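A short worksheet on the structure shown next.
For clarity, every value in this text was computed on a predicted model and none was experimentally measured. Residue numbers count from 1 along this sequence.
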Amino acid sequence: MSKKLQPNLTKWHKAAVKKIEPGTKVEFIGGVNKDRIGGNCMVIEHTNEALETKRVMFDLGCIFAPYESGFSTAYPDIGEYFDRIDPVTKQEIKAKKPVAIICLTHAHEDHIGALINYVRMGYELPPIKASAFTRSLISKAFLQLGMQPPFIEKINPGDKILVGQDIEIEPFSVSHSVVDALGFHTLTKVNGKPSAGIINNGDFLVEENMPVGKSFSFEQYQDLLKRKLTTNVQIDSTSTVPNGKDRIGFEKAVENTYNVVKANPDRNLIISPVISRSVENIAIDIEVAKKLNTKVYLDGKWLQLVKQAMTDSGHLDFDKFVYSGTLDEYLNDKNVKPKYVVATGAFAQGLEEYNHNKGDLANIPMASVTLMALDLHKTIRVGKNTLILARQRIIDDINGKTGPEMLQRLAAKGAKVVMTPSSHKIANFEEVQMQDSGHINAKALGSLIDVIKTYAPNAVYTPIHGNPEQCENTKRIIEAHGGKVVLAQNQEVMQVGQNRTVNEPKPFEPMTWIGVKVIYQNPIHPDPNIPQEGITEFWRIDENYMPIEKLMEIENTPVTKGPYSTRFVSSSQNMLDDTMTELPLEDEPQHLSPKELKYGTHRSKRRREAGENGGKMTKKEWKKAKAMQAIEAYKKSLEKNKLNSIQILKMNKGRNS
């Protein structure tokens, strides 16, 4: 190559190859979505003066996919951050942008829900940092599904987490509807001097007196701002509606709920549908039960799991007021009046699936109150003696359709439904404010911005955890209080630091997610390629939930350990499904040709089976016989599951006695 061409080549390289410089970047991966809530995930990337780069991930959640998409859940497509061993080929693939640690803000599904499925896909998660309750709940969820939990280190507010010598992370307490929620301050350094200070508040409130666990503290928050450089603050945008309602607080929520119960003395069976992980809201039911001098029963496997995680993490607040026997024992215990059942089902989980799959209910995961609404609950029958406390407001993106339907089904059975006001009125149900949102509102946000400006006057704010409309609401509030805002969208990379907050220009790349689809065996028309436990398919999908490519599929494997040994890894939403049953697979799945799938296997097999049945069989007779065998196997599996359920109840009774 001539010397005359070399300068041009060098110039071309400078233009094409991005120059690595010391500094800090924030990549918004999920959570700033165009429509639906969830999929929260963010990465802070820091490069020091030696051009060494470290990354820290905050949260890894799932999004609530619409039923019509065919996917039960979806989560950010971020395989480039983790090492992976392909479950099929066993090929090891190194991460392109390896993450040093994952820090988790709290235990809601939209912040931790992708962890299990990434492990199922063969990815190796880096060390995880989480609060005691979050750690315990994740570990139990993995174990109940027969999986080895990842390494999770318990952290406390005020701890110092070092990533190399140039990233220092300090967790702090925030208030939220789930216990032990955390925010994080991340300080980065170049040449040993502070370069950027980023506050990720997570989902949060500024309430200082939450009923369970630690709460947000203005004093500690101000101390953090005094001690550390803060250049950027990320703000939860879920409930920052302009001119929204004021919070009523825990005590008023208890009073209002108690008054509703006392106003309906003829309703001696109280049902409270809840989000099982929202411990601070369940505390309202516990406090009302105390005032009624009764005990509550927690109905639904996730509620039982949450209760265990609370005990393991040192939160014993509910122990005296939760009934320890079985549901049958509780309902027949004459010393417990009135009956107060706190149950899974605030989002009517399983109702949409039921409406489209009434022919075969075995594989539809349903929450407890959904089962009650459909008269499928094994023990509880809703009637004129029932009071439904629908304290969780209807959220259009999640249960805007199924929530009202579930409540109307319950009312049609004679139940009295009282609900917290939502964006639109449902039937003629009485409305009483019995619960607050777990997210900061407009008024409280304005006050918080005033506090932050006192100690970090040049801080730049970025709304997160919301759709564009919600983030715009947050932007207007911050700017009204004199704050500077830089908006971000999913996939946006923001350079941050002192006197510098700017989104990097980059070519447009369509957002992709990983969608999860669970396919079960049809007992009437069996497919030899699908085991009875079903298979899980992982797809790359676009923002509209349209499939792009199928990435892999795995067989759902039976769980052989733990008290719920009849359950198997089949729930793509990482939940223990109350109605899941075990369908045993007697033979290994056969891999057949398209012709064999259509017409059955070769004639010699039919002749062999005909001989066993005392005569020749036509193709039609043989297919009918196989279908009848599948139906008989299905009936036997249901009977076996019934026996297993009885054994589980006996085990639980023995453990609780």
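- Residues that satisfy the side-chain hydrogen bond (donor to acceptor under 3.5 Å, both in side chains) test with Asp319, not counting sequence neighbours, are Lys307.
- Taking Lys550 as the reference, Glu537, Glu553 meet the salt bridge (Lys or Arg N to Asp or Glu O under 4.0 Å) condition, with sequence neighbours excluded.
- A distance of 5.5 Å separates CD of Glu49 from CG of Asp166, quoted to the nearest 0.5 Å.
- Within the 4.5 Å cutoff, the side chain of Arg500 has heavy atoms near those of the Val502 side chain.
- Taking 4.5 Å as the limit, some side-chain heavy atom of Ile29 sits within range of a side-chain heavy atom of Val43.
- A pairwise comparison of heavy atoms in His315 and Gly213 identifies CE1-CA, 3.8 Å as the closest pair.
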Task: Candidate pair Thr105 and Phe204, rule side-chain contact (heavy atoms from CB on, under 4.5 Å), full reasoning - done: CA-CA 10 Å; Thr105 58; Phe204 80 119; over 6 Å; no

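- In this structure, the side chain of Ser278 does not engage the main chain of Asn281 through any donor-acceptor pair within 3.5 Å.
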TODO: Quick one: do His108 and Asn40 satisfy side chain to side chain donor-acceptor pair (under 3.5 Å)? Show the steps, please.
DONE: CA-CA 10 Å; His108 276 151; Asn40 295 284; over 6 Å; no

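- The side-chain contact (heavy atoms from CB on, under 4.5 Å) search around Ser239 returns Arg393, Ser437, His439, not counting sequence neighbours.
- For the residue pair Thr134/Ser131, the side-chain donor-acceptor check at 3.5 Å is satisfied.
- Remark: Phe184 CZ to Asn201 CG distance equals 11.5 Å, nearest 0.5 Å.
- When the ring-ring contact (aromatic ring centres under 6.0 Å, His included) test is applied to Tyr455, no partner is found at least two apart in sequence or on another chain.
- Side-chain atoms of Met42 and Asp59, non-hydrogen and from C-beta on, never get closer than 4.5 Å to each other.
- The CG atom of Asn441 sits 12.0 Å away from the OG1 atom of Thr238 when rounded to the nearest 0.5 Å.
- The main-chain N or O of Ala196 is found under 3.5 Å from a side-chain atom of Thr188 such that the two form a donor-acceptor pair.
- With a 6.0 Å radius and a threshold of 12 heavy atoms from other residues, nucleotides or ligands, Glu208 has its CD atom above the threshold.
- Under the side-chain contact (heavy atoms from CB on, under 4.5 Å) criterion, Ala488 pairs with Phe28, Thr462, Glu492, Met494, sequence neighbours left out.
- Salt bridge present: Glu92 and Lys94 bring a charged side-chain N and a carboxylate O closer than 4.0 Å.
- Checked by atom type, the side-chain pair Asn458/Asn499 shows no donor-acceptor distance below 3.5 Å.
- With sequence neighbours left out, Ile398 forms a side-chain contact (heavy atoms from CB on, under 4.5 Å) with Phe64, Phe347, Ile395.
- A donor-acceptor distance shorter than 3.5 angstrom exists from the side chain of Thr231 to the backbone of Gly197, with no hydrogens or angles considered.
- A 4.5 Å side-chain heavy-atom check between Tyr221 and Ile199 finds at least one atom pair inside the cut-off.
- Distance check: Lys25 NZ to Thr47 OG1 gives 6.5 Å after rounding to the nearest 0.5 Å.
- Under the side-chain contact (heavy atoms from CB on, under 4.5 Å) criterion, Asp35 pairs with Tyr545, sequence neighbours left out.
- Between atom CD1 of residue Ile167 and atom CG of residue Leu162 there is a gap of 10.0 Å, rounded to the nearest 0.5 Å.
- Residues satisfying the side-chain hydrogen bond (donor to acceptor under 3.5 Å, both in side chains) test with Arg227, not counting sequence neighbours, are Glu170, Asp223.
- For the pair Asn200 and Ile464, the minimum side-chain heavy-atom distance is below 4.5 Å.
- Put simply, the side chain of Asn467 never gets that close to the backbone of Asn33: no donor and acceptor are under 3.5 Å apart.
- Annotation: side chain to side chain donor-acceptor pair (under 3.5 Å) contacts involving residues 145-161, sequence neighbours excluded, comprise Lys129-Glu153.
- Thr344 and Ser276 share no donor-acceptor pair across their side chains, judged by distance under 3.5 Å alone.
- By the 6.0 Å contact criterion, NZ on Lys484 is open, its count of non-hydrogen atoms from other residues, nucleotides or ligands being 12 or less.
- Contact of the Met57 side chain with the Cys41 side chain is registered, since non-hydrogen atoms from C-beta on lie closer than 4.5 Å.
- A 4.5 Å side-chain heavy-atom check between Leu137 and Trp302 finds at least one atom pair inside the cut-off.
- Applying the salt bridge (Lys or Arg N to Asp or Glu O under 4.0 Å) rule to Glu472 yields no partners; only residues at least two apart in sequence or on another chain are considered.
- Ring pair Tyr123/Phe82 is perpendicular by interplanar angle, where above 60° counts as perpendicular and below 30° as parallel.
- Side-chain contact check for Ser136 and Ser313: no donor-acceptor pair (N or O, by modelled atom type) lies under 3.5 Å.
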- [ ] Please lay out, stage by stage, how Ser237 and His465 fare under the test side chain to side chain donor-acceptor pair (under 3.5 Å).
- [x] CA-CA 6 Å; Ser237 302; His465 202 284; over 6 Å; no

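- Evaluation of the salt bridge (Lys or Arg N to Asp or Glu O under 4.0 Å) rule for Asp436 yields Arg247 as partners, not counting sequence neighbours.
- The pair Arg55-Glu27 does not meet the salt-bridge criterion, since no charged nitrogen lies less than 4.0 angstrom from a carboxylate oxygen.
- Ile101 has its side chain within reach of Ile169: a pair of non-hydrogen atoms, C-beta onward, lies under 4.5 Å apart.
- Under the rule for a salt bridge (Lys or Arg N to Asp or Glu O under 4.0 Å), the partners of Glu549 that lie at least two apart in sequence or sit in another chain are Arg540.
- Around atom CD of Gln222, more than 12 heavy atoms belonging to other residues, nucleotides or ligands sit under 6.0 Å away.
- The neighbour count for Glu219 CD, taken as heavy atoms of other residues, nucleotides or ligands under 6.0 Å away, does not exceed 12.
- Ile440 contributes atom CD1, which lies 9.5 Å from atom CD of Glu207 (distance to the nearest 0.5 angstrom).
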